[in-house]
A.B. asks: 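To start, I am sharing the structure in question, which I have written as structure tokens.
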Amino acid sequence: MREGPDIARIAALVGDPARSMMLLALMDGRALTATELAAIAGVTRQTASSHLSQLTDAEVLVLRTQGRHRYFSLAGAHVAQLLEALMVFSSDAAPPLRTGPNDPALRRARLCYDHLAGELGVAMFDRLGAEGALSQASGQPDVTEQGWHRLAVIGLRRDDLPRSNRPPCRACLDWSERRPHLAGTVGKMILQRVLDLGWAKRLPGSRVLRFSAEGERRFLDWLA
């Protein structure tokens with residue numbers, strides 16, 4: 001007699017090579033068409049449609065229609081968290097000693113769905129925790145009063161937090177650094193502010209976040 005959720009079904013869906021490539025392509029928060037995802041996975045449009053239908057039925061992906069176009073995206077941050085954890089586990093099981101991506105730019109700063117990951121993401125988590133801007137008294141990070149003062153420096157206020165069932169802060173184990181970076185709605189807000197300030201920009205078709213020299217200096221100055 002089975003007890004608890006049917007994890008075998010989700011594991012089988014995510015574990016298919018073509019489906020896993022599609023899912024990883026959506027880890028930067030984009031919405032892509034079936035044609036684009038078919039090209040990424042190296043399968044036919046018909047095969048891609050079958051895969052996408054299964055992922056949508058399982059609520060791993062969501063489908064949005066705009067005019068004649070149909071766009072697929074991850075169903076939420078919880079799916080991105082699962083994929084990031086699987087990448088950590090997969091790297092542990094692989095022969096190379098170095099963890100995470102080989103691309104230095106991907107290791108330096110990248111999108112983990114809608115928040116900052118990589119070396120700079122982990123550096124931010126560590127620094128905010130060390131200076132008391134983040135508390136982990138409850139087992140998960142939480143922004144302290146001192147933390148909101150620090151966030152106000154870059155124009156973020158407590159009132160800016162959207163109403164959501166998603167936790168404001170969550171520690172997400174980083175694929176390459178093997179230490180936490182900041183996820184949740186606060187992590188999303190910080191990433192968006194970094195982009196709005198022009199400190200970094202997203203590289204098209206990639207999870208890489210490219211900080212300018214001046215942008216990285218300002219980001220690190222803010223942390224310091």
Side-chain angles (χ1 to χ4, degrees), residues 24 27-30 77 80-81 83-85 87-88 91 96-162 166-224:
L24 291 177
M27 275 288 283
D28 61 0
R30 289 181 298 168
Q81 180 184 0
L83 296 174
E84 186 83 359
M87 285 189 284
V88 171
S91 296
L97 293 177
R98 191 180 191 196
T99 60
N102 292 321
D103 182 357
L106 203 58
R107 297 179 68 89
R108 185 61 175 164
R110 65 178 180 275
L111 290 162
C112 181
Y113 187 55
D114 60 4
H115 53 271
L116 175 63
E119 294 170 356
L120 292 181
V122 170
M124 180 178 73
F125 187 93
D126 288 347
R127 182 62 187 175
L128 293 178
E131 69 172 23
L134 288 178
S135 166
Q136 298 203 53
S138 63
Q140 281 288 349
D142 190 27
V143 182
T144 63
E145 286 301 321
Q146 183 177 343
W148 284 113
H149 287 303
R150 170 53 60 92
L151 291 173
V153 173
I154 59 171
L156 296 178
R157 301 174 302 161
R158 196 197 311 264
D159 292 343
D160 296 328
L161 272 175
R166 185 179 179 187
C169 298
R170 184 176 58 76
C172 182
L173 183 61
D174 195 89
W175 169 30
S176 56
E177 298 303 297
R178 305 306 173 89
R179 290 184 288 127
H181 60 246
L182 184 63
T185 52
V186 172
K188 178 181 179 179
M189 287 168 57
I190 293 174
L191 171 61
Q192 188 58 54
R193 189 60 180 153
V194 164
L195 295 172
D196 291 344
L197 289 169
W199 292 353
K201 63 181 180 180
R202 302 170 56 154
L203 294 193
S206 171
R207 292 177 65 190
V208 170
L209 280 171
R210 180 65 53 79
F211 278 75
S212 66
E214 177 66 11
E216 183 167 333
R217 184 188 68 78
R218 288 179 177 270
F219 178 74
L220 294 175
D221 283 349
W222 169 62
L223 292 180

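What you see is a predicted model; the values in this text were computed from it and never measured. Heavy atoms only: backbone and side chains are in, while hydrogens, waters and symmetry mates are out.
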A.B. asks: Taking the side chain as everything from C-beta on, heavy atoms only, tell me whether D28 gets closer than 4.5 Å to S206.
C.D. replies: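 A side-chain contact is absent here, since even the closest heavy-atom pair is not under 4.5 Å.
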A.B. asks: Hey, are the side chains of L151 and V186 touching, using non-hydrogen atoms and a 4.5 Å cut-off?
C.D. replies: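 In contact.
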A.B. asks: How close do S135 and T144 get, counting heavy atoms only, and between which atoms?
C.D. replies: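 For S135 versus T144, the nearest heavy atoms are CB-CG2, 3.6 Å.
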A.B. asks: Do NZ/NE/NH1/NH2 and the carboxylate oxygens of R166 and D114 come within less than 4.0 Å?
C.D. replies: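 Looking at R166 and D114, the cut-off is met.
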A.B. asks: Salt bridge check, D174 against R110: does any charged N sit closer than 4.0 Å to a carboxylate O?
C.D. replies: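 Yes.
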A.B. asks: Drop me the distance from L195's CG to I190's CD1, to the nearest 0.5 angstrom.
C.D. replies: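 Answer rounded to 0.5 Å: 12.0 Å.
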A.B. asks: Closest approach of L182 and C169, non-hydrogen atoms and distance?
C.D. replies: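 Smallest interatomic distance, heavy atoms only, reads CD1-CB, 4.0 Å.
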A.B. asks: Can you list every pair that meets salt bridge (charged side-chain N to carboxylate O under 4.0 Å, His left out) and has a residue in residues 134-149, with sequence neighbours left out?
C.D. replies: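 For residues 134-149, and leaving out neighbouring residues, the salt bridge (charged side-chain N to carboxylate O under 4.0 Å, His left out) pairs sorted by first residue read E145-R158.
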A.B. asks: Please collect all side-chain hydrogen bond (donor to acceptor under 3.5 Å, both in side chains) contacts where either partner lies in residues 212-224, sequence neighbours excluded, each pair once.
C.D. replies: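 Listed once each, the pairs are R108-E216, E214-R217, E214-R218, R217-D221.
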A.B. asks: What distance separates L120 CG from R107 CZ, expressed to the nearest 0.5 Å?
C.D. replies: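 Rounded to the nearest 0.5 Å, the CG-CZ separation comes out at 12.5 Å.
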A.B. asks: Atom CD in E119, atom OG in S176: separation rounded to 0.5 Å?
C.D. replies: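 Those atoms lie 6.5 Å apart.
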A.B. asks: Could you name each residue pair satisfying salt bridge (charged side-chain N to carboxylate O under 4.0 Å, His left out) that touches residues 184-210, not counting sequence neighbours?
C.D. replies: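 Sorted pair list: E84-R207.
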A.B. asks: Do you know the tightest heavy-atom contact between M189 and L161?
C.D. replies: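 Result for this residue pair: SD-CD2, 3.5 Å.
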A.B. asks: So which heavy atom on A80 is nearest to which on Y113, and how close?
C.D. replies: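 Nearest heavy atoms, A80 then Y113: CB-CB, 3.4 Å.
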A.B. asks: Quick one: which residue pairs count as a ring-ring contact (aromatic ring centres under 6.0 Å, His included) with a foot in residues 118-137, not counting sequence neighbours?
C.D. replies: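 Listed by first then second residue: nothing to list.
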A.B. asks: Using side-chain heavy atoms (C-beta onward) and a distance below 4.5 Å, is V143 in contact with L134?
C.D. replies: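 Yes, their side chains come closer than 4.5 Å.
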A.B. asks: On a heavy-atom basis, which atom in L128 and which in R150 lie closest, and how many Å separate them?
C.D. replies: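 What the structure gives for the nearest pair is CD2-CG, 4.0 Å.
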A.B. asks: Which residues satisfy the side-chain hydrogen bond (donor to acceptor under 3.5 Å, both in side chains) test with H115, sequence neighbours excluded?
C.D. replies: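 H115: side-chain hydrogen bond (donor to acceptor under 3.5 Å, both in side chains) contacts with H181.
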A.B. asks: Indicate the atoms forming the closest heavy-atom contact of C112 with A117, along with that distance.
C.D. replies: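 In this case the closest contact between C112 and A117 is CB-CB, 3.7 Å.
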A.B. asks: Taking side-chain hydrogen bond (donor to acceptor under 3.5 Å, both in side chains) as the test, write out the residues that go with R179, two or more places apart.
C.D. replies: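 By the side-chain hydrogen bond (donor to acceptor under 3.5 Å, both in side chains) rule, R179 matches D126.
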A.B. asks: Are V194 and L116 packed together at the side-chain level, in the sense that at least one heavy-atom pair is separated by less than 4.5 angstrom?
C.D. replies: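 Not touching, per the 4.5 Å side-chain cut-off.
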A.B. asks: Under 4.5 Å between any side-chain heavy atoms of W199 and I154, yes or no?
C.D. replies: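 When only atoms from C-beta onward are counted, I154 and W199 do touch, with a gap below 4.5 Å.
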